[in-house]
Protein chains: 2
Amino acid sequence: MAKRSVRLSRDTLIGCAMDLADAEGLEAVTIRRLAQENGVTPMAMYWHFNDKDSLLDAMAEHLITSVDLPEPTEEPWDVQLRAILGAILAALRPHPPAAGLAMRRVLNAEPGLKLAERVLELLSRAGLDPHRSANAATFLLCSVISLVAAEFTNRPEPEDQEHLVRQKKALLEALSPERYPRVIAAAPDLVNCFGQDDYFELNLDLLVQGVRALR
Amino acid sequence: MAKRSVRLSRDTLIGCAMDLADAEGLEAVTIRRLAQENGVTPMAMYWHFNDKDSLLDAMAEHLITSVDLPEPTEEPWDVQLRAILGAILAALRPHPPAAGLAMRRVLNAEPGLKLAERVLELLSRAGLDPHRSANAATFLLCSVISLVAAEFTNRPEPEDQEHLVRQKKALLEALSPERYPRVIAAAPDLVNCFGQDDYFELNLDLLVQGVRALR
DNA sequence: CCCGCAACTGTACGACGTACACCCGGTGCG
DNA sequence: CGCACCGGGTGTACGTCGTACAGTTGCGGG
């Protein structure tokens with residue numbers, strides 16, 4: 001579509017790939033498609049990225065870099081932890097299809113390392129020994145990511161998204177009411193909660209409070 | 001490899017697909033490969049499954065069906081919730097590469113609905129209103145799944161798994177120690193914690209305690 | 001015996017990642 | 001001023017994937 005402005009740069013390609021993912025899902029991010037979108041041969045991509053996986057790496061790094069990590073303060077550890085998790089969430093939410101890319105790759109680049117260091121420090125301040133801190137930190141990061149990424153791995157085309165949601169909700173509500181009363185009552189929330197503000201708020205609280213309860 | 005015994009059945013195919021995923025990762029589960037593994041033409045698969053996605057659906061359903069959901073007891077809600085999450089974990093752990101399939105598909109079949117109903121009921125007993133119950137239930141299921149699935153989305157060949165782990169750990173330990181002291185100290189745990197018993201135990205506790213703290 | 005249908009085959013198409021060979025045009029150096 | 005270099009891009013080709021469409025088997029019941 002978009003013709004080549006003058007020269008391709010790695011960063012514009014990454015941005016283009018993110019837009020593609022946001023608009024049509026991660027499966028639309030393709031070497032060929034990315035090339036076509038920039039009016040260029042597929043093989044041209046290999047000048048900027050070693051292979052497709054390193055394109056995905058770059059997207060993940062872009063995502064992690066966009067986390068606006070709050071500076072350390074004198075507030076208690078749980079407030080700060082909550083703020084960090086919130087910052088990660090805020091960075092990922094605009095890009096649900098790409099969010100999952102960040103999972104395996106947090107520790108690949110400097111911003112992710114800084115992030116991990118901060119989380120580990122806060123967990124240690126919360127009273128967790130190093131081993132448990134590491135485990136909990138890993139899990140916290142994974143959880144926040146999956147908060148955003150869930151249900152968007154392999155999303156359908158954006159327009160029948162709403163249609164499918166409606167359909168699934170109807171399907172749930174057609175269940176035998178004596179067997180699954182709560183599922184039926186909760187159908188709208190179960191189907192629709194992804195992407196809602198209070199879904200994120202509630203579960204970030206859950207995580208932070210869970211850490212506190214570990215002692 | 002394995003020749004056709006006499007006739008193919010949907011269930012044996014699903015089992016074969018799970019074995020394939022366990023042995024070589026989810027990306028090895030291919031219509032063509034599954035056919036070849038059973039000494040048959042790729043197109044033969046389309047008699048048993050509408051398309052690849054419905055094969056994945058079937059694998060997810062198989063996984064969820066294998067959860068040995070404990071019967072309701074008179075124990076307090078948190079004990080029971082913990083038991084249920086543990087049961088899900090136990091069912092998923094033998095199949096890390098396929099675990100992620102269960103995310104979007106829990107509510108597709110009867111066993112998953114039963115599971116959701118039980119969780120919702122326990123959360124309500126914990127004092128959460130229906131809306132928060134639905135949100136928390138969704139998140140709890142996603143989290144348990146991502147406990148297992150994390151780091152195994154797109155795993156490499158099984159033999160250099162260990163090699164990569166070693167490499168990554170070395171890479172982490174080579175960082176500037178004044179900047180990332182905790183990351184470096186935790187390097188073995190950060191890289192290696194996936195699949196460890198205490199990683200799962202700790203984080204299930206975190207989740208259940210987190211729910212309790214929501215009031 | 002043979003007919004029907006469940007189960008499987010054969011061939012083909014378009015999309016994907018990517019190896020390998022080639023080439024163009026601007027920049028720096030003699 | 002000319003030319004060689006090389007960063008960035010082209011063209012072609014291969015093997016793999018999912019799967020559409022049409023044909024073929026063989027077994028069980030009339």
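Proteins get letters first, then strands, A, B, ... in listed order; numbering begins at 1 in each. The structure displayed is predicted, hence computed values, not measured ones.
Qualifying side chain to side chain contact (heavy atoms under 4.5 Å, CB included) partners for B:Thr12, counting only residues two or more places apart in sequence or in other chains: B:Ser9. Shown here are the side chain to side chain contact (heavy atoms under 4.5 Å, CB included) partners of B:Gln80, two or more places apart in sequence or in another chain: B:Pro72, B:Thr73, B:Glu75, B:Arg118, B:Leu122, B:Arg125.
Rounded to whole Å, the distance from CG on A:Leu34 to P on C:dG17 is 10 Å. Between A:Glu27 atom CD and C:dC16 atom C1' there is a gap of 13 Å when expressed in whole angstrom units. B:Arg33 places its CZ atom 14 Å from the C1' atom of D:dC17, with the value rounded to the nearest Å. Between the CH2 atom of B:Trp47 and the P atom of C:dA7 there is a distance of 6 Å, rounded to whole Å. A straight line from CG of B:Asn38 to P of C:dA7 spans 15 Å, rounded to a whole angstrom. Whole-Å rounding puts the B:Leu8 CG to C:dC8 C1' distance at 9 Å. In this structure, B:Leu26 atom CG and D:dG18 atom P are separated by 11 Å, rounded to whole Å.
To the nearest 0.5 Å, the span separating CG on A:Leu202 from CZ on B:Phe139 amounts to 9.0 Å. In this structure, the separation between OH on A:Tyr199 and CZ on B:Arg132 is 14.0 Å, given to the nearest 0.5 Å. Between B:Asp189 atom CG and A:Thr138 atom OG1 the span is 8.0 Å, to the nearest 0.5 Å.
A:Asp51 contributes a side-chain N or O that, together with a main-chain N or O of A:Ser54, makes up a donor-acceptor pair within less than 3.5 Å. No donor-acceptor pair under 3.5 Å is formed between the side chain of B:Lys168 and the backbone N or O of A:Asn108.
Note on B:Thr41: every side-chain N or O is 4.0 Å or more away from OP1 and OP2 of C:dC8. A close approach under 4.0 Å does occur between a side-chain nitrogen or oxygen of A:His48 and OP1 or OP2 of D:dG9.
Comparing C:dC8, D:dG9, C:dG17 by their nearest atom to the side chain of A:Val40 picks out D:dG9.
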Could you go through residues 170-179 of chain A and list every donor-acceptor pair under 3.5 Å that involves a side-chain atom there, pairing it with any protein atom two or more places apart or in another chain?
none

Going by atom type alone, with no hydrogens or angles, which donor-acceptor pairs under 3.5 Å involve a side-chain atom of residues 81-96 of chain B and a protein atom two or more places apart or on another chain?
from    : atom 1 : to       : atom 2 : distance (Å)
B:Arg82 : NH1    : B:Asp205 : OD1    : 2.1
B:Arg82 : NH2    : B:Glu201 : OE1    : 2.5
B:Arg93 : NH1    : B:Asp197 : OD1    : 2.8
B:Arg93 : NH2    : B:Gly195 : O      : 3.2
B:Arg93 : NH2    : B:Asp197 : OD1    : 3.1
B:His95 : ND1    : B:Asp22  : OD1    : 3.1
B:His95 : ND1    : B:Asp22  : OD2    : 2.7

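The stretch residues 10-17 of chain B has no heavy atom under 4.0 angstrom from DNA chain C at all.
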Check nucleotides 19-25 of chain D against the protein and report each pair of N or O atoms closer than 3.5 Å, with its distance, or say if there are none.
from   : atom 1 : to      : atom 2 : distance (Å)
D:dT19 : OP2    : B:Tyr46 : OH     : 3.0
D:dT19 : OP2    : B:Lys52 : N      : 2.8
D:dT19 : O5'    : B:Tyr46 : OH     : 3.3
D:dT19 : O4     : B:Arg32 : NH1    : 3.4

